[in-house]
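What follows is a set of notes on a single structure, which appears directly below.
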Protein chains: 2
Amino acid sequence: MTKPIRLNEQLCFSIYKAQKQFNHFYAQALAKYKLTYPQYITLLSLYEHGTMSVKEVGQALDLDSGTLTPLMKRMEKDGWISRKRSTVDERRVDVSLTEKAEMMRDDIYEHVGSCMTLLNLPEESYVAIKESVDRVDGNLSAIPDESLN
Amino acid sequence: MTKPIRLNEQLCFSIYKAQKQFNHFYAQALAKYKLTYPQYITLLSLYEHGTMSVKEVGQALDLDSGTLTPLMKRMEKDGWISRKRSTVDERRVDVSLTEKAEMMRDDIYEHVGSCMTLLNLPEESYVAIKESVDRVDGNLSAIPDESLN
DNA sequence: GTCGAGATTATTGTACACGATTGAATGGAG
DNA sequence: CTCCATTCAATCGTGTACAATAATCTCGAC
C-alpha cells in the first residue's frame with residue numbers, strides 16, 4: 001500500500017514553476033537590455049564586488065565554468081564585460097565591467113526595482129518567504145549524496 | 001541616488017538556487033532509475049492521470065512541446081512510455097505508460113518518499129512554504145508582460 | 001632548477017527550456 | 001461542401017546547467 005505522490009502537493013514542483021515564472025518575469029523586464037536572467041545576476045555580482053575571476057563569480061552564483069564561460073563570452077560580445085587572463089596568475093581569467101555596464105548601472109537598478117513593485121508582496125512577506133526558501137535550500141544541501149542511493 | 005540590488009537579498013535568487021538544489025537532490029535519488037527530474041514529473045503526471053496527450057502533459061507540467069517532444073522520445077527509448085498518434089484526432093499524440101513503468105511505480109513512490117524524509121521539514125512548515133511559493137508564482141503570472149517594458 | 005601534485009579554466013556531451021516557425025489535421029462559417 | 005482560422009506536435013535556434021575530461025598553470029618538495 002504505497003502512497004501516491006501528487007505533483008501539485010510537491011514543494012519541489014512549486015519551486016520549479018516559480019523559478020520559471022521569475023525567469024519569464026526577468027526575460028520581459030530585461031528585454032530592453034538584451035540580458036537573460038543568468039547574465040543579469042552575473043552583472044549584479046560584478047556591480048557588487050567589482051572585478052572578479054571566473055572562479056569567484058562561480059562561487060557567488062553557484063555556477064561552474066561550463067556554464068559561465070559561454071555565458072560570459074556572450075556578455076563580452078554584447079559589450080557588458082571584458083575578460084582577460086590575469087598577469088599575476090595566468091590560470092585565472094579576470095572579468096571586469098565595461099564603460100557601458102557602468103553607465104547602465106543606475107538605469108538597470110531603477111528599472112528592475114520598479115518592476116519588482118509589481119510583484120505586490122509586502123516587505124515582511126517577501127523577507128519571510130525568502131528565509132523559508134533559504135532554509136529549504138540549506139536543508140537540501142546538508143543531505144549527503146550517498147544517503148539517496 | 002539609486003539603491004543597489006544585493007543578490008543575496010533577492011527572492012528570485014533564493015528560488016533559483018533552491019530549484020538547482022532540488023534538481024541535484026532528485027538527480028541522486030533518481031539515479032538508480034536513470035530518470036531526470038523533468039522525466040520524473042512527467043512520469044508522476046501519467047501515474048496520476050493515466051494516458052494523456054502531449055498537450056495535456058504540457059498543461060499539467062507547464063511545459064511546451066519543444067521541451068516535451070525530445071524529453072518523451074528519450075523516455076520512450078528508455079522504456080518508460082509509449083507514444084502514438086491518436087486515431088480519433090490525428091493531430092494528437094497519446095502518451096501512455098509501459099509495463100515497466102507500472103511495475104516500478106510503487107518502488108519509485110517508496111524510494112522518493114523515503115528520500116523526502118531527509119529534507120527534515122515538519123509537515124506544517126512544508127505546506128506553509130509551498131503555499132507561500134505558490135502565492136509568489138501566482139502574483140508573478142498575474143503581471144502583464146507589457147507592464148515590464 | 002626541475003618535477004609533479006593539486007588547482008584552475010576550457011571544452012565536450014547530454015539534457016532541459018522556450019520562442020518562433022512549420023505542416024498536417026480539424027471543425028466551423030457561409 | 002469548401003475555405004480557412006485554429007489546433008497540435010514537431011522542428012529549429014539560442015541559451016542555460018552540469019558532469020566529465022582535457023589542458024594549463026602554480027607552487028612546494030627535493
Side-chain angles (χ1 to χ4, degrees), chain A residues 12-13 16-28 30-31 33-43 52-59 61-78 80 83-95 141 145, chain B residues 12-13 16-28 30-31 34-43 52-59 61-78 80-81 83-95 141 145:
Chain A
C12 58
F13 188 52
Y16 174 73
K17 285 188 297 181
Q19 195 276 328
K20 290 196 297 176
Q21 282 295 331
F22 261 124
N23 223 50
H24 179 76
F25 170 88
Y26 278 103
Q28 301 299 319
L30 299 170
Y33 309 111
K34 293 217 181 120
L35 285 170
T36 65
Y37 178 70
Q39 289 169 8
Y40 163 71
I41 59 176
T42 301
L43 201 53
M52 303 164 83
S53 68
V54 172
K55 172 81 185 239
E56 287 165 341
V57 175
Q59 285 168 340
L61 304 184
D62 195 18
L63 289 171
D64 75 2
S65 69
T67 301
L68 287 175
T69 297
L71 183 152
M72 285 175 165
K73 282 181 180 172
R74 284 186 283 273
M75 289 183 76
E76 186 175 40
K77 184 156 61 69
D78 293 341
W80 291 104
R83 297 152 65 245
K84 70 165 170 285
R85 290 244 164 231
S86 164
T87 47
V88 184
D89 178 346
E90 293 197 29
R91 284 167 305 184
R92 296 163 51 104
V93 168
D94 289 330
V95 184
S141 67
D145 286 354
Chain B
C12 59
F13 189 51
Y16 175 72
K17 284 188 297 182
Q19 195 276 328
K20 290 196 297 176
Q21 282 294 332
F22 262 123
N23 223 52
H24 180 75
F25 170 88
Y26 278 102
Q28 301 299 320
L30 299 170
K34 295 222 180 111
L35 285 170
T36 65
Y37 179 71
Q39 289 170 10
Y40 164 71
I41 59 176
T42 301
L43 201 53
M52 303 163 83
S53 68
V54 173
K55 172 85 186 249
E56 287 165 340
V57 175
Q59 285 167 341
L61 304 183
D62 195 19
L63 290 171
D64 73 3
S65 68
T67 301
L68 287 175
T69 296
L71 182 152
M72 285 176 165
K73 282 182 180 172
R74 283 185 286 272
M75 289 184 75
E76 186 175 41
K77 185 156 61 69
D78 293 342
W80 291 105
I81 60 172
R83 298 151 66 244
K84 71 165 170 287
R85 289 253 162 221
S86 164
T87 47
V88 183
D89 181 344
E90 294 196 30
R91 285 169 305 183
R92 297 164 50 105
V93 168
D94 289 329
V95 185
S141 67
D145 287 354

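Chain A is the first sequence line, chain B the second, and so forth, proteins listed ahead of strands; every chain is numbered from 1.
- Of the candidate nucleotides dA17(C), dA10(D), dA19(D), dA10(D) has the atom lying nearest to any side-chain atom of V93(B).
- Side-chain contact between V57(B) and V54(B): absent, with no pair of heavy atoms (C-beta onward) separated by less than 4.5 Å.
- Between the CG atom of L63(B) and the P atom of dG19(C) there is a distance of 11 Å, given to the nearest Å.
- The distance from the OH atom of Y16(B) to the CZ atom of F22(A) is 13.5 Å, given to the nearest 0.5 Å.
- Counting to the nearest Å, the C1' atom of dA15(C) and the OH atom of Y40(B) are 19 Å from each other.
- Summarising the geometry, the separation between CG on L35(A) and C1' on dG15(D) is reported as 13 Å, rounded to the nearest angstrom.
- Remark: P of dA17(D) and NZ of K17(B) are 14 Å apart, rounded to the nearest angstrom.
- Here the C1' atom of nucleotide dC16(C) and the CG atom of N23(B) are 9 Å apart, to the nearest Å.
- Donor-acceptor pairing under 3.5 Å, judged by distance alone, is present between the side chain of R91(B) and the base of dT7(D).
- Residues F25(A) and C12(B) form no side-chain contact, since every pair of their non-hydrogen atoms from C-beta on lies 4.5 Å or further apart.
- Note on D89(B): only backbone sugar-phosphate atoms sit closer than 4.0 angstrom, heavy atoms only; bases stay farther off.
- Backbone-only engagement by R85(B) is indicated by non-hydrogen atom pairs under 4.0 Å involving sugar-phosphate atoms exclusively.
- We find that CD of Q39(A) is positioned 7 Å from P of dG15(D), with the value rounded to whole Å.
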Side chains of residues 68-75 of chain A: which donor-acceptor pairs under 3.5 Å do they make with residues two or more places apart or in other chains?
unit_1 : atom_1 : unit_2 : atom_2 : d
T69(A) : OG1    : S65(A) : O      : 3.0

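- Residue whose closest nucleotide on DNA chain C sits further toward the 5' end, between H24(A) and K55(A): K55(A).
- Nearest to the side chain of R74(A), among dT9(C), dT16(D), dT26(C), sits dT16(D).
- Nearest heavy atoms, K34(A) versus D78(A): O-OD2, 4.4 Å.
- Proximity of E76(B) to I81(B): side-chain heavy atoms (C-beta onward) are separated by under 4.5 Å at one or more points.
- Side-chain contact between L63(A) and K20(B): present, with at least one pair of heavy atoms (C-beta onward) separated by less than 4.5 Å.
- We find that CG of L68(B) is positioned 10 Å from C1' of dA9(D), with the value rounded to whole Å.
- Residue-to-nucleotide contacts include no donor-acceptor pair under 3.5 Å from the side chain of T69(B) to the base of dA9(D).
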Original post:
So what's the dot-bracket for DNA chain D: Watson-Crick or G-U pairs under 3.5 Å, [ ] if a pair crosses, | if it pairs off-strand?
Top reply: ||||||||||||||||||||||||||||||
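- Taking only side-chain atoms of P38(A), from C-beta outward, the nucleotide of dT9(C), dT16(D), dA15(C) with the closest atom is dT16(D).
- Judged by atom type and distance alone, T36(B) does not reach the base of dA15(C) through any side-chain donor-acceptor pair under 3.5 Å.
- Within the 4.0 Å cut-off from OP1 or OP2 of dC16(C), not a single side-chain nitrogen or oxygen of Y16(A) is found.
- If you take CG on D94(A) and CZ on R83(A), they are separated by 11.5 Å, rounding to the nearest 0.5 Å.
- V88(B) comes within contact range of the sugar-phosphate backbone alone, with a heavy-atom separation under 4.0 Å but no base atom that close.
- The listed nucleotides are dC8(D), dA17(C), dA10(D); the one nearest the side chain of R92(B) is dC8(D).
- Backbone-only contact: L71(B) has heavy atoms under 4.0 Å from sugar-phosphate atoms and none from a base.
- Atom CG of D64(B) and atom P of dA17(C) are 11 Å apart (whole Å).
- Here K73(A) reaches the OP1 or OP2 of dT11(C): one of its side-chain N or O atoms lies under 4.0 Å away.
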